[in-house]
Amino acid sequence: MNRENVKKIGIIGTGMIGTSVAVLTTSHGFDTVVLAVNEELRQTSEKQYDKYLDDLKDQACINEGQIAYCKQQLSYSLEYSALAACDVIFEAVVEKVDVKHEVLQKIEASCPNVRAICSVSSALEVDVMAEKMTKYKDRLVVTHPFFPPHLVPYFEIAGGSATDESVKTFAKTLLEDLDRKPVIMKKSAPGFIGNRLQFALWREAVNIVEQGIARPEDVDTCLLYSFCPRYSHIGLFEHMDNGGLDLNYNVSKTIFPTLSNETGVPALVSRLVEESNLGVKTGKGVYDWSQKDMTDFKQRVGAPYWKFFNWEIPSV
């Protein structure tokens with residue numbers, strides 16, 4: 001672990017992503033401070049942090065002594081001054097440009113020692129977020145994870161036009177020290193890599209339903225039992241080469257003209273949002289979640305990732 005280069009990590013944001021990053025950093029022994037907007041959100045984050053650790057204990061990933069060690073590395077604050085000694089700050093606030101601008105300006109005013117500001121933005125590019133920065137534009141990068149980042153090892157790193165190349169390398173080294181699998185993008189793009197791929201698939205899945213080709217549950221069955229499991233063991237380009245690019249060439253000529261080229265939000269999704277049917281949080285979305293076994297669903301969500309929590313944590 002890179003103790004000489006990183007002595008303290010700050011996290012701004014008490015949502016599920018920010019709290020999960022806190023589990024990742026504290027379980028690797030980094031002194032970590034989480035900035036909360038108010039006491040209520042601090043308490044919510046602390047409870048979620050404890051739940052993440054309890055879930056890890058239930059999976060026999062950690063024990064009580066290791067939980068105690070993790071908690072020793074964690075503190076909370078309501079004041080930006082608590083971030084003054086941080087070498088690295090993970091910005092994990094809501095995905096709204098004006099909020100990002102405000103937070104980044106406060107970091108510039110409060111954090112004289114920061115070497116890298118790592119935004120976990122899901123889609124906003126660095127140059128957009130850095131528009132109102134005056135001091136640390138060269139230190140801002142996107143380090144986009146997938147949820148929950150203490151279990152899902154992949155991070156994608158993207159810089160802006162003013163980002164120093166050494167900051168990208170520094171962020172990559174830190175994430176590797178955190179046992180993650182980071183990649184540095186050659187250039188930035190909205191949604192980066194993962195969400196561009198995920199939403200391209202999502203757009204066509206919705207199109208299949210809207211065109212009456214198949215039901216949502218049929219699409220999900222296809223994903224669960226056909227090609228998705230393959231891609232947890234080999235890559236997409238590996239599969240293309242293995243199958244033969246001539247085959248892919250011919251199939252592309254047949255399929256591509258029929259795929260969705262929707263550039264707005266699909267009608268199915270717009271209608272559900274307008275009806276306030278937002279999914280699990282409201283009890284109904286594409287599916288009626290009152291008919292689902294939520295315990296089974298939550299277990300399936302985490303099942304592929306427990307194996308990645310595999311580093312040695314000290315005990316007290």
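For this chain, numbers begin at 1 and follow the sequence in order.
In this structure, Pro182 and Ile157 approach most closely via the heavy-atom pair CB-CD1, 4.0 Å. In terms of heavy atoms, Val142 sits closest to Ser121 at CG1-O, 3.9 Å. Of all heavy-atom pairs spanning Asp54 and Ile67, the tightest one is OD1-CD1, 4.4 Å. Among all heavy-atom pairs drawn from Ala22 and Val34, the shortest one is CB-CG2, 4.0 Å. Closest heavy-atom contact between Val126 and Ala158: CG2-O, 3.5 Å. In plain terms, the two heavy atoms of Val88 and Cys118 that are nearest each other are CG1-SG, 4.0 Å.
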Trace of the side chain to side chain donor-acceptor pair (under 3.5 Å) decision for Thr14 with Tyr76:
CA-CA 10 Å; Thr14 50; Tyr76 282 86; over 6 Å; no
Verify side chain to side chain contact (heavy atoms under 4.5 Å, CB included) between Cys111 and Leu83, making sure each step is shown before the conclusion.
CA-CA 6 Å; Cys111 306; Leu83 304 175; 3.7 Å; yes
Side chain to side chain contact (heavy atoms under 4.5 Å, CB included) between Arg115 and Arg139, intermediate numbers included:
CA-CA 6 Å; Arg115 296 180 59 192; Arg139 305 179 198 186; 5.8 Å; no
As a quick check of understanding, evaluate side chain to side chain contact (heavy atoms under 4.5 Å, CB included) for Asn195 and Phe146, giving each step before the final call.
CA-CA 9 Å; Asn195 275 337; Phe146 280 74; 3.9 Å; yes
Residues Phe170, Val141; criterion side chain to side chain contact (heavy atoms under 4.5 Å, CB included); working and verdict:
CA-CA 10 Å; Phe170 175 68; Val141 291; over 6 Å; no
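No side-chain heavy atom of Val167 sits less than 4.5 Å from a side-chain heavy atom of Asp138. A 4.5 Å side-chain heavy-atom check between Val93 and Ile12 finds at least one atom pair inside the cut-off. Contact annotation: the side chain of Met133 approaches that of Ile117 to within less than 4.5 Å [non-hydrogen atoms, C-beta and beyond]. With a 4.5 Å cut-off on side-chain heavy atoms, Tyr49 and Lys71 count as touching. Contact annotation: the side chain of Thr143 approaches that of Phe90 to within less than 4.5 Å [non-hydrogen atoms, C-beta and beyond]. By the 4.5 Å heavy-atom criterion applied to side chains, Leu56 and Leu151 are counted as neighbours. Here the side chains of Leu201 and Leu223 are in contact, with some heavy-atom distance below 4.5 Å. Looking at Val33 and Ile11, their side chains never come closer than 4.5 Å, going by heavy atoms from C-beta outward.
Note: Leu35 CG to Tyr80 OH = 5.5 Å, rounded to the nearest 0.5 Å. From Lys307, atom NZ reaches atom SG of Cys61 across 13.0 Å, with rounding to the nearest 0.5 Å. Between atom NZ of residue Lys96 and atom CD of residue Glu102 there is a gap of 12.5 Å, rounded to the nearest 0.5 Å. One distance of note links NZ of Lys8 with SG of Cys86; it measures 5.5 Å at 0.5 Å rounding. Put simply, CD on Glu217 and CG on Leu224 are 12.0 Å apart, with the number rounded to the nearest 0.5 Å. Taking CD1 from Ile313 and CG from Asn63, the interatomic distance works out to 8.5 Å, rounded to the nearest 0.5 Å.
Residues Leu140 and Val94 are members of one and the same hydrophobic cluster, defined by side-chain heavy-atom contacts under 4.5 angstrom among Ile, Leu, Val, Met, Phe, Trp and Tyr. Cluster membership for Leu259 and Val269, using ILVMFWY side-chain heavy atoms within less than 4.5 angstrom, is not shared. Transitive grouping of hydrophobic side chains (ILVMFWY, heavy atoms separated by less than 4.5 Å) brings Phe199 and Val273 into a common cluster. Note on Met240 and Ile193: separate hydrophobic clusters, where clusters join Ile, Leu, Val, Met, Phe, Trp and Tyr whose side-chain heavy atoms are under 4.5 Å apart, directly or indirectly. Transitive grouping of hydrophobic side chains (ILVMFWY, heavy atoms separated by less than 4.5 Å) keeps Trp202 and Val301 in distinct clusters.
Around the OH atom of Tyr305, the shell of radius 6.0 Å holds no more than 12 heavy atoms that belong to other residues, nucleotides or ligands. Residue Glu39 qualifies as enclosed at atom CD: its count of foreign heavy atoms under 6.0 Å is above 12. Within a 6.0 Å sphere centred on CZ of Phe227, heavy atoms belonging to other residues, nucleotides or ligands number more than 12. The environment of Lys181 atom NZ is sparse: at most 12 non-hydrogen atoms of other residues, nucleotides or ligands sit within 6.0 angstrom.
Between the side chains of Ser122 and Glu95, no donor-acceptor pair is found at a separation under 3.5 Å. Ser315 and Gln66 form no side-chain donor-acceptor contact under 3.5 Å, judged by distance and modelled atom types alone. Thr19 and Ser45 form a side-chain donor-acceptor contact under 3.5 Å, judged by distance and modelled atom types alone. For the residue pair Ser27/Tyr69, the side-chain donor-acceptor check at 3.5 Å is not satisfied. Defined by atom type and a distance below 3.5 Å, a donor-acceptor pair is present between the side-chain atoms of His28 and Asp179. Side-chain contact, Glu210 with Asn207: no donor N or O sits under 3.5 Å from an acceptor N or O.
We find that Arg271 and Glu274 are not joined by a salt bridge, their nearest charged nitrogen and carboxylate oxygen being 4.0 Å or further apart. In this structure, Asp127 does not pair ionically with Lys137, as no charged nitrogen and carboxylate oxygen lie closer than 4.0 Å. Ionic pairing of Arg215 and Asp218 is present here: one or more N-O contacts between side-chain nitrogen and carboxylate oxygen are shorter than 4.0 angstrom.
No donor-acceptor distance shorter than 3.5 angstrom exists from the side chain of Glu275 to the backbone of Asn277, with no hydrogens or angles considered. Between the side chain of Gln48 and the main chain of Gly15, no donor-acceptor pair closer than 3.5 Å is present. Between the side chain of Glu204 and the main chain of Ser260, a donor-acceptor pair closer than 3.5 Å is present. With Glu312 contributing its side chain and Pro314 its backbone, the two residues share no donor-acceptor pair below 3.5 Å. No donor-acceptor pair under 3.5 Å is formed between the side chain of Ser232 and the backbone N or O of Cys228. Although no hydrogens or angles enter the test, the distance criterion places no donor-acceptor pair under 3.5 Å between the side chain of Ser110 and the main chain of Ile107. The closest donor-acceptor contact from the side chain of Gln73 to the backbone of Thr25 lies at 3.5 Å or more, if one exists at all. Listed for the Ser270 side chain is no donor-acceptor partner under 3.5 Å among the backbone atoms of Ala267. A donor-acceptor contact shorter than 3.5 Å links the side chain of Thr32 to the backbone of Phe30. Put simply, the side chain of Gln105 gets close to the backbone of Lys132: a donor and an acceptor are under 3.5 Å apart.
Phe192 and His144 have tilted rings, their planes meeting at an angle from 30° to 60° on a 0 to 90° scale.
For the pair Lys292 and Tyr287, the cation-pi criterion (under 6.0 Å, within 45° of the ring axis) is fulfilled. Taking the centre and axis of the six-membered ring of Tyr154, the NZ or CZ atom of Arg180 falls outside the cone set by 45° and 6.0 Å.
The aromatic ring centroids of His150 and Tyr52 lie less than 6.0 Å from each other. In summary, the aromatic rings of Phe309 and Trp311 are positioned with their centroids under 6.0 Å apart.
Taking Ile, Leu, Val, Met, Phe, Trp and Tyr as members and joining any whose side-chain heavy atoms lie under 4.5 Å apart, directly or through other members, Leu78 forms no hydrophobic cluster with any other residue.
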